[in-house]
Structure formats: structure tokens, C-alpha cells
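Remarks on the structure that follows.
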Amino acid sequence: MRPRGVRNLLLLASSLLFVGLSAVPQGFSPSLRSWSGAPCRLSRAESERRCRAPGQPPGGALCHGRGHCECGVCICHVTQPGTYFGPLCECHEWVCQTYDGNTCAGHGTCDCGRCKCDVGWSGDACQYPTNCELTRKRSNQMCKNSQDIICSNAGTCHCGRCKCDDSDGNGLVYGKFCECDDRECIDDETEEICGGHGKCYCGNCYCEAGWHGDKCEFQCDITPWESKRRCTSPDGQICSNRGTCVCGECSCHDVDPTGDWGDIHGDTCECDERDCRPVYDRYSDDFCSGHGQCNCGRCDCKAGWYGKKCEHPRSCPLSAEESSRKCQGTSELPCSGRGKCECGKCTCYPPGDSRVYGKTCECDDRRCEDLEGVVCAGHGTCSCGRCVCERGWFGAHCQHPRKCNMTEEQSRSLCESADGILCSGKGSCHCGKCICSAEEWYISGEFCDCDDRDCDKHDGLICTGNGICSCGNCECWDGWNGNACEIWLGTEYP
């Protein structure tokens with residue numbers, strides 16, 4: 001027996017529950033659970049039937065694919081942009097049609113994905129006036145595209161507004177002048193838009209990462225990250241912002257009429273020959289004012305001329321041979337391959353860098369620096385590209401201490417390469433560090449495992465004299481680029 005007070009309390013609660021349920025709108029279908037967490041009293045088939053749009057067969061999308069079904073009630077997604085709502089999540093406030101950039105053409109309101117037109121307007125986007133006050137000629141004039149074609153031959157004109165063809169009811173032809181035809185994006189084999197691997201916008205496929213082709217029909221054999229890495233230009237942009245990256249290769253925007261490379265070229269479209277022309281003419285070969293040679297967008301002027309585009313004459317009493325001989329000095333190249341020879345005098349590159357100097361640019365103190373920019377390992381000073389070590393240190397970069405505080409066994413263990421060979425068999429071990437053979441100048445690396453002969457050459461010099469060779473790869477100085485550091489990327493020569 002329950003106490004009388006408890007029974008009265010239960011009766012009152014039941015009455016309130018009955019009154020509350022009777023106030024619920026008829027269209028509301030509560031979940032058939034006794035309490036939160038209780039099992040559903042509906043079968044799975046009945047629950048899914050209530051979450052499926054009328055007329056949809058079994059197996060169709062539940063809650064219009066915008067939510068999940070819980071005991072016959074749709075719980076709409078709220079994590080995606082926009083707001084899904086409605087008993088079956090059938091409404092989305094952003095899917096109303098637009099015309100000329102305006103939702104419902106500015107002549108209606110969006111209600112659950114459909115335009116409710118103002119009085120005097122009709123159409124899916126409320127774009128058509130009920131009463132037309134335009135003449136036929138004026139109406140057709142307003143429907144012409146930039147080529148003077150009425151509705152792009154893909155629709156009909158109604159009171160100055162195009163009604164696009166839609167015989168299939170899929171809305172693939174659209175635009176103010178019916179200029180967009182997404183049927184062009186349908187793959188002939190799969191009959192899918194962009195092969196199912198991209199999005200179509202105005203007849204052009206924009207492929208997902210890892211896919212390419214006019215209809216995204218080809219798959220890359222490398223990852224998107226590797227593709228991006230290969231296409232990244234020295235300035236950090238994709239294809240120098242002058243091309244498109246397709247599976248790790250840049251397709252530069254410029255195409256030469258002859259079929260050869262155009263004015264924009266290079267592995268990452270880094271070269272722009274247009275910079276070498278005083279006045280740009282697509283079909284002209286007037287590079288560097290006719291007084292020089294264009295090298296990746298930079299003019300190398302002939303003797304007697306100077307300027308960014310070799311436009312200024314220079315008076316010099318020396319012949320080209322005499323000028324070159326004076327600039328050559330003991331090097332095989334004029335200005336040691338690190339400068340520009342003008343009338344027997346060298347101007348060292350890069351401009352304003354005091355580390356490159358000398359009458360023939362023979363001194364390059366950058367050679368004293370390691371890859372972190374430390375001069376002579378902090379244990380010496382640099383003199384014309386060579387380290388003068390402090391007492392107690394030796395080596396090309398003063399990196400080796402003369403006194404060692406470890407046993408020979410400890411030292412040898414630190415000098416063994418991955419294959420267990422001491423300094424790769426090409427050097428000696430001193431205090432845990434390898435000293436590579438001086439007779440084989442090209443051997444380098446922590447374990448003497450690198451061959452600097454693998455570095456690219458240009459004009460007979462490794463890394464063109466504009467960088468250092470690091471284990472077979474050129475590490476270029478600031479302002480230089482290319483596999484052999486042969487390309488100058490600075491603003492201009494002095």
C-alpha cells in the first residue's frame with residue numbers, strides 16, 4: 001500500500017502529462033520510447049518507414065540523407081554549414097534557386113528550399129514577371145550573351161530573361177544566359193559528373209586531390225603531398241603562380257604558337273621570358289633589346305651594353321677578348337663564375353653581399369659556412385673562402401678538436417657508417433668524427449659517404465660556383481636557384 005499522499009501526487013502527474021500531450025501539434029510524432037535510453041517499441045522496418053519520404057521505396061535514404069533515424073524520428077545534422085530542419089530533414093535554407101546572383105531573384109523568399117514569389121513574379125527563382133512590358137526586340141536584346149547569341153542557344157527568352165533547356169529535369173544547363181552546361185562534365189563511360197572524382201562548375205571539372213583530366217578520369221600515381229612538393233617553386237608558390245600542377249608536373253599557362261615552349265617555362269614555371277622584352281609582343285623575338293641573351297627571364301648583356309633589358313650602351317676602350325681576359329685572372333671563368341664582367345672589371349654576385357669579393361670575385365667567404373650559417377664551426381676566422389682555425393682545432397671548417405677525450409673504441413663506434421665500415425673506407429676517424437681523404441676532394445659527408453661529383457655542373461663549375469655541394473645536391477646561395485645554382489632569381493643585376 002502506497003501512502004495516500006504519494007497516490008495523489010501520481011494522479012496529478014498523470015493529468016499534467018495528458019494535458020501536455022494533447023497540446024502537441026498533430027504533425028508531431030514523438031519517439032515511441034518509455035524514457036530516455038529505453039529500447040524502441042517500433043520494429044526497425046517501421047522506424048525506417050517513418051523516417052523515409054513518402055513514396056520512397058525500402059532502402060531509400062533516411063531523413064533525406066541529412067540526419068539519422070532514431071525510433072521513427074529524424075535527428076537532423078547540425079554540424080554541416082547551413083541548417084537542416086523539417087520532420088524528415090527535408091528543408092535546407094541555402095538551397096533555393098538564384099538568378100543573377102540573388103536568391104529568388106530578389107522577388108521572393110526562400111521557404112524550405114523553394115522560392116515563394118512575390119505578387120507579379122513566377123518561376124523557380126521568381127525570375128519571370130507575370131506581365132511583360134518589353135517589346136520582343138528589347139526582350140531578345142536583354143537575353144543575348146557576349147557573343148550576341150540569345151540564351152547561348154541553350155534556352156528561350158521570356159521577357160528579357162533566359163529559360164534554360166531542362167528536358168531531362170536535372171538542371172544541368174544554367175546561368176543568366178544559359179552559358180553554363182554541366183553536361184560537358186559527364187564522363188562518357190561512367191555517365192557520372194566528373195567521373196565521380198570532382199565537382200563541375202559551368203561545364204568545367206574541378207578534380208579532387210589525386211585525380212586529373214578533363215573529366216577527372218585519370219588517377220595520379222603519387223600522393224597529393226608529393227605532387228605539391230614537386231610543383232612548389234623556389235618562391236614557395238605552386239608552379240610560380242603561372243601554371244597548373246598535374247600529378248607533380250607543372251603545366252605552364254603560356255603555350256607557344258609554334259608548339260615549342262612558350263615565354264613561361266621551367267620545371268615549376270619559374271622562367272618568364274617576357275621580362276626580357278622592352279615591349280612585350282607575343283610573336284616577337286626581340287629579347288634584351290637585341291643586345292643580349294635571355295636566361296630564365298634575366299638578360300645577359302653583350303659587351304658594351306647594360307641595363308635590366310640591355311637597353312643602355314656602354315663605352316669601353318677594350319675589346320670583348322681583352323675585357324674577358326682581365327676579368328678571368330687565374331680562374332677558368334671570368335669573375336670566377338661568381339660575377340659579371342664589364343669592360344675588364346668584375347661586379348660580384350649577389351649584389352651587396354660582402355662575402356663575395358676580390359678583383360676577379362675569387363674570394364667567397366660563404367664557403368667557410370656550414371648549412372646552418374656558422375662560420376668555421378665557431379672555432380676560426382674566414383679569409384678568402386678558407387678557414388684559419390684557432391689553436392686546438394683543425395679541418396676544412398675547423399670542426400675537429402686536436403685533443404680527444406674519448407677512447408679509441410668509443411671514437412671508432414661513432415665513425416662507423418650504416419654498413420659498419422669505418423668512414424665508408426674513404427677517410428680516417430678522429431675523436432668520433434670522420435676526416436675524409438684529402439686526395440679525393442670530392443668525398444664528403446658525416447661518414448665520407450657522399451660524392452660531390454654527383455652535383456650538377458654549369459660552365460664547368462660544380463653548383464656554378466653559386467652554392468655548395470651537400471652530399472650530391474647543390475645548396476644554392478641566396479638569390480640563386482636551379483639544379484646547378486645557375487639561375488639568378490634576384491630583382492636585377494647591378
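Side-chain contact of D124 with Y99: a donor-acceptor pair under 3.5 Å is absent, judged by distance alone. Between the side chains of H197 and Q219, no donor N or O sits under 3.5 Å from an acceptor N or O. A donor-acceptor contact closer than 3.5 angstrom is absent between the side chains of S424 and D449.
Cysteines C294 and C276: SG-SG separation is under 2.5 Å. Disulfide status for C115 with C110: absent, SG atoms not under 2.5 Å apart. Cysteine sulfur proximity is satisfied for C299 and C288, their SG distance being under 2.5 angstrom. C185 has its SG atom 2.5 Å or further from the SG atom of C205. Between C448 and C434, the gamma sulfurs sit at a distance of 2.5 angstrom or greater. Under the 2.5 Å cut-off for SG-SG separation, C361 and C335 do not qualify: their sulfur atoms lie farther apart than that. Disulfide criterion (SG-SG under 2.5 Å) for C164 and C178: met. For the cysteine pair C382 and C368, the distance separating the two SG atoms is below 2.5 Å. Between C216 and C194, the sulfur-to-sulfur (SG-SG) separation does not fall under 2.5 Å. Checked against the 2.5 Å cut-off, the SG-SG distance between C104 and C126 does not fall under it.
Atom-to-atom distance recorded for H158:NE2 and K163:NZ is 5.0 Å, nearest 0.5 angstrom. To the nearest 0.5 Å, atoms CZ (R412) and CG (L414) are separated by 12.0 Å. Atom CG in D182 sits 7.0 Å away from atom SG in C202 (nearest 0.5 Å). Separation of atoms SG (C376) and CD (E369) is listed at 9.0 Å; rounding is to 0.5 Å. Summarising the geometry, atom CD belonging to Q237 is positioned 13.5 Å from atom SG belonging to C245; distances are rounded to the nearest 0.5 Å. With values rounded to the nearest 0.5 angstrom, C296 atom SG is found 5.0 Å from E270 atom CD.
Not one N or O on the side chain of T98 forms a donor-acceptor pair closer than 3.5 Å with the backbone of T103.
Checked for salt-bridge contact, R230 and E226 meet the test: a charged N lies under 4.0 Å from a carboxylate O.
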(request) Carefully, step by step, assess E362 and T360 under the rule side chain to side chain donor-acceptor pair (under 3.5 Å). (result) CA-CA 5 Å; E362 69 275 12; T360 58; 2.9 Å; yes
(request) Under the side chain to side chain donor-acceptor pair (under 3.5 Å) rule, what do Y174 and D166 come out as? Steps first, then yes or no, please. (result) CA-CA 9 Å; Y174 57 96; D166 191 19; over 6 Å; no
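Using cut-offs of 30° and 60° on the angle between ring planes, the pair H400 and H430 is perpendicular.
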